[in-house]
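Read through the structure below, which is laid out as structure tokens, and then see the notes.
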Amino acid sequence: TDVQNAFRKREFTFVLQPKCSLESGKIVGAEALARWQNAQGVISPGAFIPFLEKSGLISELDTYIWEAVCRWMRSMLDRGNSVVPVSVNVSRMDICAIDVPAYLNRLVEKYKLNPKLIELEITESAYSEDVDALNRIVEELRKSGFRILMDDFGSAYSSLNILKDIAVDVIKMDMRFLQWNSSNVERGADILETVCNMARILGLGIIAEGVETEEQRNLLLNAGCACGQ
């Protein structure tokens, strides 16, 4: 009941986490992250996302955020502001529940947006489903002009086999790649460089998640990763 009331009252919103050039610090993109803000304050995603996934309502939230981002972007452009591409999440439930390409094409047409401004992060759980079906959806989205990002590369489901089967544009290295200590920092740096070289050979962009320190920034730049979040 609380969730349904939140949708009705438009209590769900989003914040933008920047994606930056590691060399210049310039913001080159952003990811929309869902938040629930009601009279009691801001509710953490960790408190409501698992419930929405279990109750089958996660697609309702995802599509709500997709449209909220498009509406915000249109308002920014109408006021004469420039915008950077914003990525939104596409989950396994979205792929099962709705026609994702048709839905997103209707949104960019409704708000008169260039599809290149809306990037799609396919969450790692989606890759555990029917790869052939997912590949057809990804190809349709790319033909429509959307850029596809493989989220959480290197986590539970992401693998080199997926890169062979699914034509994505960018891989996002899971933040655990940057969680090291004095005993494994050299090994971690070698792995980062290997992943970056692989992305370059495949012609893919690469973004590192969870970049918080100057040390991490320098290590990524030395490994050949130009963008961090």
Side-chain angles (χ1 to χ4, degrees), residues 13-22 26-35 45 58-59 61-77 81-95 98-127 134-155 157-158 162-163 166-175 195-196 199-200 202-211 225-229:
T13 185
F14 65 91
V15 296
L16 295 174
Q17 187 176 59
K19 300 171 184 176
C20 300
S21 163
L22 292 175
K26 180 180 178 181
I27 295 175
V28 295
E31 179 181 359
L33 305 174
R35 295 291 184 269
I58 192 65
S59 290
L61 176 65
D62 285 344
T63 54
Y64 181 98
I65 297 298
W66 298 350
E67 180 149 18
V69 169
C70 290
R71 188 187 308 116
W72 170 82
M73 191 169 283
R74 181 70 264 163
S75 71
M76 290 286 287
L77 292 170
N81 297 308
S82 60
V83 294
V84 294
V86 174
S87 63
V88 296
N89 287 321
V90 178
S91 70
R92 176 179 59 85
M93 290 296 295
D94 300 332
I95 291 167
I98 60 176
D99 185 337
V100 173
Y103 197 102
L104 287 163
N105 278 315
R106 283 195 298 270
L107 280 180
V108 295
E109 183 177 350
K110 177 180 178 180
Y111 292 98
K112 298 180 174 58
L113 297 172
N114 186 330
K116 294 187 183 299
L117 290 175
I118 305 296
E119 299 182 332
L120 308 174
E121 298 198 13
I122 309 294
T123 57
E124 49 90 13
S125 63
Y127 296 102
L134 179 60
N135 196 35
R136 288 193 296 270
I137 292 169
V138 166
E139 281 300 312
E140 191 172 346
L141 288 165
R142 294 182 78 219
K143 286 178 182 177
S144 295
F146 297 99
R147 290 222 312 163
I148 307 298
L149 285 63
M150 177 188 281
D151 197 14
D152 298 325
F153 177 79
S155 62
Y157 297 108
S158 299
I162 295 298
L163 284 181
I166 306 293
V168 301
D169 299 294
V170 178
I171 58 176
K172 294 184 70 179
M173 286 193 296
D174 186 84
M175 64 178 63
V195 173
C196 292
R200 178 179 50 79
L202 294 174
L204 301 175
I206 188 164
I207 300 172
E209 296 185 274
V211 184
C225 179
C227 187
Q229 178 174 332

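Start at 1 with the first residue, then count along the sequence.
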Q: Quick one: pull up CZ in R136 and CD1 in I166 and give me the separation to the nearest 0.5 Å.
A: 10.0 Å
(Q) So P45 and R35, do their side chains get closer than 4.5 Å, heavy atoms only? (A) yes
Q.
Using every non-hydrogen atom in the two residues, find where I171 and A199 come nearest and quote the distance to one decimal.
A. CD1-CB, 4.1 Å
Q. Can you name the nearest heavy-atom pair linking A32 to L16, along with the distance?
A. CA-CD2, 4.0 Å
Q. Considering residues at least two apart in sequence or located in another chain, which fulfil the side-chain contact (heavy atoms from CB on, under 4.5 Å) criterion with A226?
A. none
Q | Nearest non-hydrogen partners of E119 and K116, listed with the distance | A | CG-O, 4.2 Å
Q.
Can you tell whether the side chains of E139 and R142 come within less than 4.0 Å, N to carboxylate O?
A. yes
Q: Could you tell me the separation between the NZ atom of K172 and the CZ atom of F153, rounded to the nearest 0.5 Å?
A: 14.0 Å
(Q) I'd like to know whether N89 forms a side-chain contact (heavy atoms from CB on, under 4.5 Å) with D151, so could you lay out the CA-CA distance, the side-chain angles of the two residues, the decisive distance to 0.1 Å, and finally the verdict. (A) CA-CA 9 Å; N89 287 321; D151 197 14; 4.1 Å; yes
**Q.** E209 side chain near D152 side chain, heavy-atom distance below 4.5 Å
**A.** yes
Q. Does the pair V86 and F14 meet the rule for a side-chain contact (heavy atoms from CB on, under 4.5 Å), with working shown?
A. CA-CA 11 Å; V86 174; F14 65 91; 5.8 Å; no
Q. Within a strict 4.5 Å, meaning less than it, do heavy atoms of the L104 and V108 side chains meet?
A. no
Q | side-chain contact (heavy atoms from CB on, under 4.5 Å) involving C227 - partner list, sequence neighbours excluded | A | K19, V28, I207
(Q) Has R74 got a side-chain atom pairing as donor or acceptor with L113's backbone, closer than 3.5 angstrom? (A) no
Q.
Taking ring-ring contact (aromatic ring centres under 6.0 Å, His included) as the definition, give me every residue that meets it alongside Y111, ordered by chain and number, with sequence neighbours left out.
A. none
Q.
Can you tell me how far apart CD (Q229) and SG (C20) are? Round to the nearest 0.5 Å.
A. 9.0 Å
Q | Test log, rule side-chain hydrogen bond (donor to acceptor under 3.5 Å, both in side chains), inputs S91 and D94 | A | CA-CA 5 Å; S91 70; D94 300 332; 3.2 Å; yes
**Q.** Shortest non-hydrogen contact from P101 toward D99
**A.** CD-OD1, 3.2 Å
Q: Return yes if some donor-acceptor pair links the side-chain N/O of D169 with the main-chain N/O of I148 below 3.5 Å, else return no.
A: yes
**Q.** Nearest non-hydrogen partners of I118 and F146, listed with the distance
**A.** O-CD2, 3.3 Å
Q) What's the verdict on side-chain contact (heavy atoms from CB on, under 4.5 Å) for I95 and V90, showing C-alpha distance, side-chain angles and the deciding distance? A) CA-CA 7 Å; I95 291 167; V90 178; 4.2 Å; yes
Q.
Test side-chain contact (heavy atoms from CB on, under 4.5 Å) on V88 and L120; report intermediate values, then the result.
A. CA-CA 5 Å; V88 296; L120 308 174; 3.7 Å; yes
**Q.** Closest heavy-atom pair and its distance - C70, L107
**A.** SG-CB, 4.2 Å
